[in-house]
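Just follow the structure's listing: the first ligand is 1, and inside any ligand the first atom is 1. Predicted model only: the values in this text are computed from it and were never measured.
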Amino acid sequence: MNFEPAQTPENPLLAEPDLTTPLQISLLPKNAQTKIEFSLILPTYQESKNIPAMVEKLTSLLDGRMPGKYELIVVDDNSPDRTWEVAQALMPEYPQLRVMRRQQERGLSTAVIRGWQAAKGEILGVIDADLQHPPEVLFQMLDAVDNGADLVLASRHIEGGGVSDWSFIRRVLSRGAQTLGLIVLPGVIGRVSDPMSGYFMVRREAIAGKTMNPLGYKILIETIGRGNIGPIAEVGYVFQERQAGESKVTWKQYVEYLGHLVRLRLDLWHFDRFWRYGLVGFSGVFVDMVVFYLLSDPSTLAWGLTRSKIIAAEAGIVNNFLWNDAWTFADMSGHQRGWRKRFKRLLKFNVICLAGVILNVLILNLLFNLLGINRYLANLIAIGIVTFWNFWLNLKLNWRVTEVNNK
Ligand code: GDD
Ligand code: MN
């Protein structure tokens, strides 16, 4: 694919981000010399007919409230109707307008995040560029942030909200998607009345450092799911009719939404990390058994059973620690280098695992002696429960705590 060079030097486009940089928003540098407080992203695809009116409307509103303290960032995905070029031509008239033309990456959610990465404000917002999200609502949203909300969304489903001309099917699909989301991600979808909204703003510090991994359209779910979002406020709005162009929502966005729910659900369960932890646990059982054989078997050293078991169990624990530190929790231990910190983690890991051994024995006795469950099934259940126990305690008390202490 041949990429056309950036356009006229007097209206420079924002550089397309390096795609190897993670989708992560960082805190502004302490000495950031900027007056910009609010950055509003306008993701566009085929919006050349809407963008002039949208920029004009936003400017007249925001100039009245915060002149010189806001910026509008159009993030266009190389629209065939050259929306990026239309927006670029507006820059001389609207000095607070910036434009990014993406030629390598595509998608509404990533467009918003890349816009936030280029933003200078402490408050990061997103609004559709097709005039369907009434800009007037921005003032109430900014007021809510000033009053302490971490995130404010414009909702169609509270007082003052509504949708203008949505078909019955679209309404059912939207509500259906929301209901499904409530089942899969109650702690995220249940926090707001309109999780499908693409019109909201969030404090930069509430999402700084969190790597986003969105799919499709639903940037709000990703923001609430992965961010450190405290108070959330909502403002009612009526979703307007489109003035020009058409909605890009197809069945593909609904399929992507399902994938997004599953991905976020597994990530919030630390599923990826948990199956690594389980795999490491298996390797530990293998090490334990080999050491136990070498020490206690009559054909080898024939040491006493208890002494052999204690040494073998410790060998298994050290094995598990080394793998978990270097692989399962690598993203966290990477911030806490140094032998002293590592040895401290090993000690904590030992204490948690030894407490796990005691818990294992207690559960085994409960299941086998009290409930009469087959000893091997009882042992398997006990090992399963203790694996969860060890994983969560190590995640919360070992790797994560030392990460926090390290800040
Ligand atoms: N950069 C970029 N890349 N922008 C996109 C893309 C894309 O792939 N797809 C859509 N957009 C832009 C459109 O140009 C428009 O500004 C905005 O995202 C919304 O796209 P629409 O296709 O108009 O969506 P909709 O109006 O049917 O639904 C919108 O509103 C709903 C209610 O808030 C979307 O924001 C939905 O996510 C939202 O649920
Ligand atoms: Mn629209």
Exercise. Under a 4.0 Å N-O cut-off, is there an ion pair linking R65 with D146?
Worked result: yes
Problem set entry | Closest to atom 12 (C) of ligand 1 (judged by heavy-atom distance), picking from G216, P43, G245 | P43
For this session: Determine which of the N, O or S atoms in D130 is closest to the Mn ion (ligand 2) and give its atom name.
Result: OD2
Exercise. What orientation do W275 and W327 show, parallel under 30°, tilted 30 to 60°, or perpendicular over 60°?
Worked result: perpendicular
Problem set entry | atom 26 (O) of ligand 1: nearest protein contact (heavy atom, Å) | Q132 OE1, 2.9 Å
Exercise. Quick check: does S247 put an N/O/S atom under 2.8 Å from the Mn ion (ligand 2)?
Worked result: no
Exercise. Going by atom types only, do S193 and S155 share a side-chain donor-acceptor pair under 3.5 Å?
Worked result: yes
Exercise. What do you reckon, does Y199 put a non-hydrogen atom under 4.0 Å from ligand 1?
Worked result: no
Problem set entry | For atom 10 (C) of ligand 1, closest protein heavy-atom neighbour | Y217 OH, 3.1 Å
Problem set entry | Any R102 heavy atom less than 4.0 Å from ligand 1 | no
For this session: Could you tell me if any non-hydrogen atom of R170 lies under 4.0 Å from any atom of ligand 1?
Result: yes
For this session: Answer yes or no for R156: is there a heavy-atom contact with ligand 1 below 4.0 Å?
Result: yes
Exercise. Do the rings of F274 and Y277 sit parallel, tilted or perpendicular, given the 30° and 60° boundaries?
Worked result: parallel
Seminar exercise, completed: Of all protein heavy atoms, the one nearest atom 34 (C) of ligand 1 is D128 OD2, 3.5 Å
